[in-house]
Amino acid sequence: MEKFSEKVLKIVAKIPKGKVLTYKKVAGMAGKPKAYRTIGNILNKNYNSKIPCHRVIRSDGSLGGYNKGKKLKKILLQKEVKFYKSV
DNA sequence: CATTTGACGCCAA
DNA sequence: TTTGGCGCCAAAT
């Protein structure tokens, strides 16, 4: 059985383009709805190129943060949303 | 092994 | 409505 972090990373990796999930949502899918804190912790320390962590935002709709810079995250999300609108 | 950290979430004032 | 504070859990130190 993989660690909670591994499970979270897998879930985040499943987020399709133009879609964003909240930390709480990911935590719920991981099986720990109350572990939303841990989600951010894991992503922050274990940033993987295969993990679109920029698609994980706060429940309030805030971008939260980003290891590479939340500014970049905002741009990436806008680009993906744009792609979503294009379809 | 115990304590601190941390990209958060919800409630109260 | 907005701001502040408390609660929560896993991982890192």
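So you know, we letter chains A, B, ... as the sequences are listed, proteins then strands, and number each from 1.
- Counting non-hydrogen atoms under 4.0 angstrom, Lys3(A) reaches the backbone sugars and phosphates but no base.
- Considering Leu21(A), Leu43(A), Ile42(A) as possible partners of Val26(A), the one that fulfils the side-chain contact (heavy atoms from CB on, under 4.5 Å) test is Leu21(A).
- Each of dC8(C), dA7(B), dA11(C) was ranked by its minimum atom distance to the side chain of Arg37(A); first place goes to dC8(C).
- In this model, the phosphate group of dA11(C) is not approached by any side-chain N or O of Thr38(A) to a distance below 4.0 Å at OP1 or OP2.
- At a threshold of 4.5 Å between non-hydrogen side-chain atoms, the residues Val20(A) and Val81(A) do not count as touching.
- One can place CG of Asn67(A) at 12 Å from C1' of dG6(B), the figure rounded to the nearest angstrom.
- Checking dA7(B), dC9(C), dA11(C) against the side-chain heavy atoms of Lys34(A) singles out dC9(C) as nearest.
- Taking 3.5 Å as the limit, the base of dA7(B) and the side chain of Tyr66(A) contain no donor-acceptor pair of atoms between them.
- Atom pair Asp60(A):CG and dT2(C):P shows a separation of 11 Å (rounding to whole Å applied).
- Taking for each of Lys32(A) and Tyr36(A) the nucleotide of DNA chain C with the nearest heavy atom, the 5'-most of the two is the partner of Tyr36(A).
- The side chain of Asn41(A) sits closest to dT5(B) out of dT5(B), dA7(B), dC8(C).
- Checking Leu72(A), Val56(A), Ile57(A), Asn44(A) one by one against Tyr66(A), the side-chain contact (heavy atoms from CB on, under 4.5 Å) holds for a single residue, Leu72(A).
- Spacing between atom CG of Asn44(A) and atom C1' of dA12(C) amounts to 11 Å, rounded to whole angstrom units.
- The side chain of Lys45(A) sits closest to dA12(C) out of dC9(C), dC8(B), dA12(C).
- Each of dC9(C), dA11(C), dG9(B) was ranked by its minimum atom distance to the side chain of Phe4(A); first place goes to dA11(C).
- The side chain of Asn46(A) lies closest to dA12(C), out of dA12(C), dG6(B), dC9(C).
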